[in-house]
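One structure is given here, and the rest of the page talks about it.
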Amino acid sequence: MTKQTTVRLENRDHDLSLRPALQECLRYIGKVCIDCPKCREECAFLKKYGTPLEIATSHDPSDPRWLMLAYECSLCGLCAAVCPMALRPEEMFLEMRREAVNRGIAPLPEHRALLSYERRGVSRRFSWYALPPSCHTVFFPGCALPGTRPDQTIRIYEHLKKSDPALGVVLDCCCCPSHDLGRADFFSAMFDEMKSFLVDHGIKRVITACPNCHRMFRLHGAPLEAMTVYETLIQNGVPETGATGGDFSVSIHDPCGVRQEKEVHAAVRRLAAEKGFSIVEMVHAGEKTLCCGEGGNAGAVAPEFADAWAGRRRKEAGGRVLLTYCAGCAPRLTGRTPVFHILDAVLEPRAVVSGKVKTSRSPMTYINRLRLKRYLQKQNPGGVVRERTWSADPPAKAKSRGRIGLLLLLAALIGVGHAAGGIRVLDPEFLRQWVQSWGVFAPVLYILIYTIAPVLFLPGLPITIAGGIIFGPVWGVVYTIIGATAGACAAFLVARYAAGDWVRRRLTSPRWKRLDEGASRHGWKIVAFTRLIPVFPFNMLNYAFGLTAIPFAHYAAASFICMLPGCIAFIVFSSSLPDLIRGRISPTFALGLVLIGALMLLPILYRYARSKNHHKQEIRQVDSTKATRRNQKCRSNNL
């Protein structure tokens, strides 16, 4: 089988539709991979999709869904660590991501939150460079550590300055998110601008606290030397903060970003040992460490794989406290097992033992980063300072300005209308007379507009609000649910019988593939779920269901019933807007707010229940494993 596959790759015509770097990865994997099961045994992603050889040889340049597989891989590199042929499959998956970006089909909507986080990190508001006179080394704490642990960041920086009074500091983002999502051009432009500024001002060394920042500087930072703060503390001395006061066992979770950095692994373990912690190594540690689940932002499109990583790490911890040196891994694993940062252990060892370390979560993390910036600005000893003002992504700014301009225009139109007496169109009596003047054609026209809107990808919420204002809370619900159901069914039928190929070319995100798999297993139940828990865009969801095997009657009935709660909530709320604008808060308005609030709580309650259920399953699995081991031990003792 392997030989035939390799021959097929070697004889394949030169594929001009793929970038050369990806072509080379595919050829190399095809020639060297022996199709052994070692990597699949370690990785849920590969268990589902096959060995790197199978994925490489199944590629179809005309099918974007093949490229989208790469976004379900965490890029953690464990497959390379266990590969007997020293292959690095994660490089192939990264090149697949770059190809997807090059074609304009990525990043995916699921990546917006991460890219927004990165965009803030490189912005003028959050960035700060302070390079004192004679500065040749800077401390680069990254984004997550200053946000979750600003006090620890300051204490470590002040401690480092005792050994190097000219130590500078840089608050900025290394743009690792863009790098790992395949935005190669953006990453190179932003990272090179930062690197050029530092080199031009005499900087020779960067001390990193984040493993991913360290990886970026190691891979792309030359001639800058990259060194972690943990190695630096071992060389220059650990802060005098006491010790645990007793034997306290912990395990070390090594972040996958520094999988190959043996010196870093050793430095972190020495720091823990010097503070009195007794280290119990897990099965997967060092070069063979497990991903926490956040790697490559795979959790955004394949949460089941991310949960699998975190669940495995919890099992190996066996109830022990984990120390990690990634401020991103810590919150991801917290809740599965007690997790603290190694700097918590260095600066507050007794707080780690008691479990009382103070950390922050979003949105407080952004406030902490701004507080840290203000502190550093006040402590500025002179020299070169700057806030980063240049970005390689100007379209985002233009888009933001366009939105602001649209809002200002809308506000101006409302003001002019109000001044000209146009506000009377929201008067209930005027609306009733206007609707009556249309007679039976008013609801027919409204339903027709609502039926066409989903087919044309027009937003339905403004139409819903208009229905509540025009027809009131009762007939507004009746006409809106009829129109919304008719529109959903129309899009469904278009996808099934007229435009299936066009729809398939646009449903490239892995979440649509999971929707298809869910529809195959659960039928109408998946329709009900996605209508009640709005995790998919409504208009595209209608088309996507048309490509599944769900019977039309089941789809229509489930859509009608499960869209009804949301319809009632928004119609009741919008029907009260005329009174609200006239200065009167009606009971209908309060009821509408309560209903909308209840709808917004559904996704939160679902995620909580899902997480709780997953946690219970892990506990049962751990208990089952322990029971099996006890039984085996008893049998061996009896023998």
Side-chain angles (χ1 to χ4, degrees), residues 431-432 434-504 506-507 512 515-516 518-519 522-575 577 592 595-596 599 602:
L431 289 174
R432 278 193 292 270
W434 181 80
V435 171
Q436 289 174 1
S437 69
W438 279 83
V440 71
F441 292 104
V444 171
L445 180 61
Y446 176 77
I447 292 173
L448 180 62
I449 292 173
Y450 215 132
T451 301
I452 296 173
V455 179
L456 300 179
F457 290 94
L458 298 176
L461 183 59
I463 305 175
T464 301
I465 293 174
I469 294 174
I470 294 172
F471 299 108
V474 178
W475 289 108
V477 171
V478 173
Y479 300 146
T480 298
I481 192 61
I482 292 173
T485 304
C489 291
F492 178 95
L493 294 172
V494 167
R496 176 158 293 186
Y497 298 110
D501 292 338
W502 179 85
V503 174
R504 285 188 185 91
R506 281 152 181 79
L507 298 180
W512 298 112
L515 178 70
D516 185 44
H522 305 295
W524 65 267
K525 294 179 182 178
I526 197 70
V527 180
F529 171 79
T530 53
R531 297 304 189 197
L532 290 171
I533 310 292
V535 293
F536 295 91
F538 177 78
N539 289 339
M540 187 55 80
L541 182 65
N542 300 325
Y543 279 98
F545 275 126
L547 301 181
T548 66
I550 294 175
F552 173 72
H554 294 183
Y555 168 80
S559 294
F560 177 86
I561 294 170
C562 295
M563 287 193 299
L564 191 56
C567 177
I568 293 173
F570 282 101
I571 289 295
V572 169
F573 172 77
S574 60
S575 68
L577 290 180
L595 292 175
I596 291 175
L599 283 176
L602 281 178

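We're numbering straight along the sequence, starting at 1.
Closest heavy-atom contact between P454 and T451: CD-O, 3.5 Å. Nearest heavy-atom pair, A558 versus A528, reported as atom, atom and distance to 0.1 Å: CB-N, 4.3 Å. Of all the heavy atoms in F492 and I550, the pair that sits closest is CZ-O, 3.7 Å. Here the shortest heavy-atom pairing between L541 and R531 reads CD2-NH1, 3.6 Å. A488 and M563 make their closest contact through CB-CE, 4.5 Å (heavy atoms, listed as atom of the first residue, atom of the second, distance). The minimum heavy-atom distance between L547 and A495, with the atom names listed, is CD2-O, 3.7 Å.
Between atom NE2 of residue H554 and atom CD1 of residue I526 there is a gap of 15.5 Å, rounded to the nearest 0.5 Å. Here OG of S574 is found 9.5 Å from CD1 of I470. Values are rounded to the nearest 0.5 Å. Rounding to the nearest 0.5 Å places CG of L564 at 4.0 Å from CD1 of I568. One finds the CZ atom of F570 at 5.5 Å from the CG atom of L461 (value rounded to the nearest 0.5 Å). We find the CH2-OH distance between W475 and Y446 to be 14.0 Å, quoted to the nearest 0.5 Å. One finds the CD1 atom of I481 at 9.0 Å from the OG1 atom of T464 (value rounded to the nearest 0.5 Å).
Relative ring orientation between Y543 and F457 is described as parallel, the plane-to-plane angle staying below 30° on a 0-90° scale split at 30° and 60°. Using the six-membered ring where Trp is involved, F471 and Y479 have ring planes that are perpendicular, over 60° apart on the 30 and 60° scheme.
A donor-acceptor distance shorter than 3.5 angstrom exists from the side chain of T548 to the backbone of F545, with no hydrogens or angles considered.
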